[in-house]
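Numbers for residues simply follow the sequence, beginning at 1.
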Amino acid sequence: MFGPRRLDAQSPAAPTRSGLLPTAESAPQSASGTQPAATAEAEPGTQAMPVAAELTESGSPSSPKRTRPVPELPRSRTYSGAGRAERPHRHDVDVMRVLAGLTVMVGHSGGVLIGRAEEGSDAWWLGHFAEAVNPWAVPMFFMIAGWAVLAGAPPRTEAKMWDRIVRHLVPLACWSVIFVLGFNFFDTDAVDVRHELVRSVFEAGRPGFHLWYLYAYIPLILVFGTLVLFWQGQRPWRLAGLALVLGGSTVWVPFLIDVIGVGYDGWKWGFATYQVVYFVIGAFIIHHAGQLRPPIWSLGLLFAVSALGVLWWESRRSYPIENANPLIIGLAVSVILIVSRIRLGARSKKVFAFLASASFGAFLVHVFFLELFFERLFDIEAGPVLLVVQYLGFLILMAAASFALSLTWGRLRLRRLLG
């Protein structure tokens, strides 16, 4: 969608003079009156059609036969296997996915320290430093999704689009139940099981707070995936109906709740304007990252200035920073363009592709280890050096355990259920 529109093997060729059948002047017939087979074939995209009457310029029928090219009928814009060049795998996107998943863990662990520590203490500042480099991670999920739907791997059929939705909806449902029952079983959080299970139908809550983005992510890929299919010439009416209902639910659900008179404002299905911006602009930047090549020092400077801005904003103005803040755009764009410059070896490509396949699952499960390591085991009263050692150690353990579990259920073929 973002690439140039060019003719391919499926496109009708414009008729040219070279596409006409040879005439008697250029290829005289043999004495027996037959024509070689090679001269009887027209160029691809044209058909030879004899003129009804063989007339000379003076009107006599003895003139050589003339032919005229007839273009082929235009073909549908739908995807087909023939004539479609296979897109190369984007290994830089694998790196972005892995980094985004790890950075979410950095930010969430920093947030726990901010919540537990006294304002102005060493642990409080350590938490804010961790949070300062984190806010781009979840917006990156929307940006990668936009690239995949609009440019990198647009859906070819309605069935493929349904499959993408199910691949995210089923893990959302499973982990909503797992977190409520798991936290209640281990007594690590006061959980009203029935209330939280019902609530998860409408929004993400405690303890599965990090699942909130899927309530916007799924409607986004649904709406834009449906539009892509229509653009290709298909008619996915079932998807279109669901897209209208779910994508527009931020309008009609509050209205319906107000009419009914129910005092509930927790409906979170749907997407905000800033999420659409990340989805579309991110798709464009990721797709054209190879052509967008500012000096590498300028990208590093952009990231550093944006991170310092986030640190100031969250420690002095408002915590947490809103996802629509322009500072987050600076972080995300610099990460995309820096990562796109990295040249990976064959082994590194395999490693990142392997980890990227588990990044979604690792993101989903990491909250269990966040609770264990940073809520229960982390000593926020320790000195500065020990604070940093603890933080890095627990962060590595959390990431390793999360990716290990995700890879394990992937090998057990549970990816459809658990992400």
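- Between the side chain of Ser109 and the main chain of Met105, a donor-acceptor pair closer than 3.5 Å is present.
- No option in Lys349, Met96, Arg343 other than Lys349 meets the side-chain contact (heavy atoms from CB on, under 4.5 Å) test with His91.
- Salt bridge status for Asp94 with Arg90: absent, with no side-chain N to carboxylate O gap under 4.0 Å.
- Using a 4.5 Å cut-off on side-chain heavy atoms (C-beta onward), Tyr215 and Leu172 make contact.
- Trp269 places a side-chain N or O within 3.5 Å of a backbone atom of Val201 that can act as its donor or acceptor partner.
- No more than 12 heavy atoms of other residues, nucleotides or ligands lie within 6.0 Å of CZ in Phe354, so this atom counts as exposed by the packing criterion.
- A donor-acceptor pair under 3.5 Å links the side-chain atoms of Gln275 to the main chain of Ala272, judged by distance alone.
- Trp312 does not carry Arg316 over the face of its six-membered ring by the limits of under 6.0 Å from the centre and within 45° of the normal.
- Considering Thr103, Ile328, Val104 as possible partners of Val138, the one that fulfils the side-chain contact (heavy atoms from CB on, under 4.5 Å) test is Val104.
- Side-chain contact between Asp122 and Pro384 is present, with heavy atoms from C-beta onward closer than 4.5 Å.
- For Tyr274, the ring pair (Phe, Tyr, Trp, His ring centres under 6.0 Å) test picks out Tyr278, with sequence neighbours left out.
- Here the side chain of Arg116 pairs a donor or acceptor atom with the backbone of Phe374 at under 3.5 angstrom.
- Atom CZ of Arg413 has 12 or fewer neighbouring heavy atoms from other residues, nucleotides or ligands inside a 6.0 Å radius.
- Panel note: side chain Glu196, backbone Val180; no donor-acceptor pair is recorded below 3.5 Å.
- Ring centers of Phe368 and Phe179: under 6.0 Å apart, within the cut-off.
- In this structure, the side chains of Phe271 and Val223 come closer than 4.5 Å at one or more pairs of heavy atoms.
- Using modelled atom types, no side-chain atom of Ser402 and backbone atom of Ala399 make a donor-acceptor pair closer than 3.5 Å.
- Of the N and O atoms on the side chains of Asn134 and His108, not one donor lies less than 3.5 Å from an acceptor on the other residue.
- Using a distance-only test at 3.5 Å, with no hydrogens or angles considered, a donor-acceptor pair links the side chain of Trp252 to the main chain of Val245.
- Side-chain polar atoms of Ser340 and Arg293 form no donor-acceptor pair below 3.5 angstrom.
- How far CG of Leu99 is from CZ of Phe352: 6.5 Å, rounded to the nearest 0.5 Å.
- A donor-acceptor contact closer than 3.5 angstrom links the side chains of Ser249 and Trp267.
- With Ser121 contributing its side chain and Ala117 its backbone, the two residues share no donor-acceptor pair below 3.5 Å.
- Two residues are said to be in side-chain contact when any heavy atoms from C-beta on lie closer than 4.5 Å; Phe378 and Leu387 meet this criterion.
- For Tyr213 and Phe141, the ring centers are positioned less than 6.0 Å apart.
- You'll find the ring centres of Trp237 and Phe230 inside the 6.0 Å limit.
- Contact check on Asp92 versus Arg97 returns no salt bridge, with no Lys/Arg side-chain nitrogen under 4.0 Å from an Asp/Glu carboxylate oxygen.
- A donor-acceptor pair under 3.5 Å links the side-chain atoms of Gln390 to the main chain of Asp379, judged by distance alone.
- His168 places a side-chain heavy atom less than 4.5 Å from the side chain of Tyr217.
- Remark: the backbone N or O of Ser406 is paired with a side-chain donor or acceptor of Arg415 at under 3.5 angstrom.
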